[in-house]
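In what follows, chains carry the letters A, B, and so on, assigned in the order in which the sequence lines appear, proteins first and then strands, with residues in each chain numbered from 1.
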Amino acid sequence: MIGLILRRLAQLPLILMVIYTVTLTLAWMIPGNPLENPDGRRPSPEVAEQMLKQYDLDSYPRFYITYLDRLTGLRALRDSFSGDSGARAASAAEAGIDLPDRLIFDFGPSLQYDDWTVNEIIAGSLPVSVTLGGVAMIIATLLGVTAGVIGAVRPNSIADLATLAIALVGISLPGFVIGTVLLLVFGVWIPIFPVAEWGSARSLVLPSLTLSLPFAAYIARLTRFGMIEAMQSDYVRTARAKGASETRVLLVHALPNAFLPVLSYLGPATAFAMTGSFVVEKVFNIPGMGQHFVAAVQNKDLFLIMGVVLVFAGMLVVFNLAVDVLYRFVDPRIG
Amino acid sequence: MISAGTLPVVLRLILVIAVLAGLIAIFGAGTSSPRADLTVYNGQDVTTLDPQRLSWTSDMRVARIVYEPLIQHDVLDWDANVIPAAAESWTVSDDGRTYTFRIRDNARWSNGKPVTSGHFLYAWRRGMLPDIASDYAAMFRFIDGADEFYAWRVEQLSAMDRGEKPFPDGDSFWQATLDRFDRTVGLKAPDERTLVVTLAEPVPFFLDLCAFAVFCPVYPPLVDRYEYPDPESGRILRRPGWTRPPAIISNGPFRVASWKFKRTMRLEQNPHYWNRESLNVRTIEIPSIGDPNAAVLAFRTGAIDLMADVFAPYRGEIVADLDRFRAEHAGEIQRLKSRGLDQYSIAAELPDDARKYVHVVPSFGTYFWNFNCSPRLADGRKNPFADPRVRRAFALVVDKKSITQQVRRMGEPVSGLLIPPGSIGGYKSPLGLPNIGDAETEQEKQAIVDRALGLLAEAGYPDPANDFPITVELVFNKDSGHDLIAQLIAKNWQQHLGVPVSLSQKELKVYREDLKQHSFITSRAGWFGDFADPTTFLDIMRTGDGNNDRNFSNPAYDAILDRARTTRDPQARLDLLTEAERMIVEDELPMIPIFTYVTLYMFDPDKVTGMSAHPRTKQNLFLIDVLGDGIGADQPRPMKPRNVRGPTS
C-alpha cells in the first residue's frame, strides 16, 4: 500500500511536467496580445514590447525556463545557496520595498486582473469549487445509490422505470437548463433561495443540486446494474438460504459489491465536479475555479491558464490515487 | 469476499459523508455582511484600481469614486463643465501653456495624510513611464518634454536589454531617469500645494484631461513598496497588492473596505474626505455577477439598486417594453418634457411600473464598419477600397435603419457621423452621407442605388457583379450580435451592388490582431471618446496613428488637424475640426458610421437619483442618493436645466 502511494507520488512531477509543456505550448500559440484590452486603446509598439519583456513573454524558451524556475522553487533554492536572496532582501529592506515572499509554486501575476496574482485567484476560488463540488458529489452519491437500489429491487417495475427516466433526464439535460429552471422557480417565482449570491448555506443548495444531477444519474445506473448482478450471485443466494432478511441481503451483502464500480467512478468524478463546474458557476454566479478555465483562455491570460491547469491536473492525480487506496480498503482482494 | 464484520463500511461511509455535508453547509459557506446603502452592478469585474493602468470604462467608474483628480466634470450639467475637486482653484497663463493648480489644504488620503502636489507629480510621472505601460500614456504627451522623456526612457531600456550598459546598474539608471524628468519635463511642484504644468503647446481641452481618471494621484510611500527598478535592467517591476485592502490608500469620496475577487467589492465613506458632507450613502456594494441574465434577475428581485450596464441578450425586448410604456404615456411625457425635465425626472413623474426602470442614454461612442484603405491587401492584391469613390458607394447602400430597428433594437440613433452629435459643447457636426435606409419612396431608394453604381462605374467597375476584382469579406468578432449586422450589410451590398461577399467570424483576440495588422477587407469596429474634444475621435484617422486600423491616409486631412493644433481661436479651431470630420463622413468614408452607441441603465427613478443623462455617459457614483433611506440630503438630484449654449441633441 505505502509502496503504491509512493510510486504514484513519484509519478506526479513527471505527469505535471508533460502537462506543463503541452499546455504552455498550446497557450503560447493562441493569437493576440494578452496584455491588450480588446476594447481599449492600442498601446504604442514600444509599450507593448516593454510589457512583453517585463513578463518574459517575448521569448518562448526563456519563458519556459524562468517560469518553471519560479514554479518549482529552483530559483529560490539557487539564490539562497549563492547568497543572492539575502543581499536582495537587505537592499530591499533598505529601500523600503516588500519583496514577494513566495519561494515555490509561484504562478505569477494575472495578466487580465492586474491587481491579483494567480496564487491569490486560485486561493480564493479553489475552496469555493471544492465546497460546491464536494457537496454536489455527496448529494449525487446519496441520490444515485438510493435510486439505483430502488431500481434493482424490482427490475423493470414502475419504480425502476421512473428512476431510470429521471436518470436519463439528469444525464441528457445540460446544467444551464436545469440550473436556470431551478433559479427561476425557487429564486424568482418562489423566492426561497437567493439569486446571484454566494456566501451562505442557502446559496449552496440550488447550485450543488444542479451540479449533482448528471453525476447522480450515472451513479444510479452503475448501482442498479451492479445490484442486479449481485442479486443473482451465489453469495446472495447463500445469504437468503441462511435466512437473512431481505433488507440485510440488499444493504449488507449485495450493495458493498455493487458499490465498487461507483467508487472507482467517484475519484475522477469528484475532481471534475470540483473544477468543471463552469456552467453551474455561470448560471448561479459562483466565484469558483471553473470560470477561469474558459475566461483565461479567451483572455490569453497565460499565467492563469497554467495555474488552473496544473492545479486541476494535480487534483486529478491525487483523487485517482485516493480512490485506488480506498479500493484496497473496501475490497482486500485487490492489491 | 467481504465478511459480515466489516460489512457496514458502505453505510458508515455514507454516514460520514452526510455529516460532512452538514458541516460544510453550516460552516463552509460563511456569512454575508449586511446590505449596503447602494448596490451597483458594474457590468464586469474590476480588473485594476491602479489609476495609471486603467483601461476599461467599468474600472474607471469605480476608480472615480475611490480616487479624486485635480478637477472634475459636473456630470449633472448639460455643458459638463469642470469644477474643482482636489484642486480648489487654478490659473492659466496668457499663452495658454502654463496651468497652475492650487491643491486644497484639507484634501486628505484615506490614512489622514494630506494630498500634496508631489503626489500628483509622482502619479503623472508613472503615467509617462513606458515600463508602467499605461494605455493612456499618450494623454500625458501634451506636457512639455514628456514625449522626449518617454522616447529617451524607451531607448535606454532597450540599450540595457542589449547589454550596452549605458548605466552600470538598474538603480543608477533609475536615478538618471528621475533627474532627467525633473530637468526636462514641464511638471513642477514648487511647494506642497502648488502644481505647475507647462504644455508643449496650448491644448484647449487640457482641463478636461485633468478630470480623466488616469490623472488621479497615488500615494507614493505605498506604491514604492510594491514597485521597484530591476537591479539589472532598471525596468520597473510591478507587484500587485497595493490597490486592494488592506494596503490601498486613496483620496476619493469612498475607500475600498473589502474586495473579494469575483465576489464583491465594498466601499465605504473615506473618513478623511474633505467634502464628506456632500455624500448621501454610507456604503456602496459592487457585487461581481458574471452572467448578464443573472444580473437582470438580481435587479428584478431587488438585490441590486442600480445597473450601470445591461448586457442580457434579451435587452432588445427590455427596450421594446419601455417603448410600449412610453407610448401609453406619450401625452404626459410630452408635457413633462416641455417643462424642461430630464429623462429620469420624467420617468419619476410617471405612474409606477417596472418597465420605466429601464433608461436608454446615448453614449460617447460610434459603431461603424471599417474599410481597409491600404493600396494593397494583406495578400498583395490591389485593393479596390483604396479608392474613396468605392467606399462611398458601399456606404450609400447600407440600410442603417434596419440595423438599429431590426437587429440591435435598443433605440440607438442612426448615425452618419464619427462624433456623436451634441456631445461636445460648441462643436457643430457636419451633415454626413445619406443612406438607403433614409429613403422613403422606391424612387428615392433607386436614386441612391444609382448614385452608388455611378460612383463604382467612375472608379472603373461599370458592372460590379462581374468586374469587381475581389470578394468583399466582412470580418467581425463573435458575440454581441455582430454576426447579424454583418449579414444585413452583406445582403445590402450583394443586393444593390451585386458584388460577391463573404462573412468571417473570429475570436475577439484574433479579430483584434487582424485589425492591427490591417489584414482584413472590411470589419466591424467602434470608438468611444475619452475627452470633450473632437480630436478624441478624429485622431484615429490620422496617418500612422496606432489606432488607425483602416490604414487610412490623406495628407490634406492630416494638414487640417495640424492647422487646428496651432489655431488659438477656439471657434476657428472647432470649425477646422468640423471640416475634418466632414471630409471623413462625406468624402473619404474610411469607415461607414452606423449608429451612436447607447448605454442601458436600470434603476427605479423614484428611488435612485444623481445619475447623469449627458451624452458623455460618465457617471460619478458618489453623487447618488437613495431616496427614502433617511441618509444624506434625501432630495432628488436632476440634471441642471439646460442653458442656451447646451447641446441640442
Please look at [X] and chain A and tell me whether the side chain, the backbone, both or neither of the residue comes under 4.5 angstrom of a heavy atom of that chain.
X      : value
B:W242 : neither
B:I236 : backbone
B:R300 : neither
B:N477 : neither
B:A303 : neither
B:T301 : side chain

Heavy-atom closest contact ([X] atom, [Y] atom, distance):
X      : Y      : answer
A:N285 : B:S288 : ND2-O, 2.7 Å
A:D114 : B:T48  : CB-CB, 3.5 Å
A:Q298 : B:K509 : O-CG, 3.5 Å
A:Y113 : B:V46  : CD2-O, 4.0 Å

Region of A:V128 that comes under 4.5 Å of a non-hydrogen atom in chain B: side chain
Between [options], who has the most heavy-atom pairs with chain A when the cutoff is under 4.5 Å?
options                        : value
B:D131, B:V154, B:L157, B:V510 : B:L157
B:T243, B:D59, B:L129          : B:T243
B:E513, B:E507, B:K516         : B:K516
B:I540, B:T57, B:D530, B:D171  : B:D530

How far does [atom1] of [X] sit from [atom2] of [Y], to the nearest 0.5 angstrom?
X      : Y      : atom1 : atom2 : result
A:Y55  : B:L237 : OH    : CG    : 9.5 Å
B:S233 : A:K53  : OG    : NZ    : 9.5 Å
A:K300 : B:L508 : NZ    : CG    : 13.5 Å
A:D115 : B:D45  : CG    : CG    : 12.0 Å
A:Q291 : B:D291 : CD    : CG    : 11.5 Å

Parallel, tilted or perpendicular, as decided by the 30° and 60° cut-offs, for the rings of A:W116 and B:F261: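 If you compare the ring of B:F261 with that of A:W116, the planes turn out tilted.
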A:T223: partners by side chain to side chain contact (heavy atoms under 4.5 Å, CB included), with sequence neighbours left out: A:V145, A:V149, A:I219, A:M227, A:L255, A:V262
Partners meeting side chain to side chain donor-acceptor pair (under 3.5 Å) with B:E285 (sequence neighbours left out): B:T264, B:R266
Sidechain-backbone polar pair: B:R263 side chain, A:G124 backbone, donor-acceptor under 3.5 Å: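 Such a contact is found between B:R263 side chain and A:G124 backbone.
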Ion pair check, A:E120 and B:R244, cut-off under 4.0 Å: yes
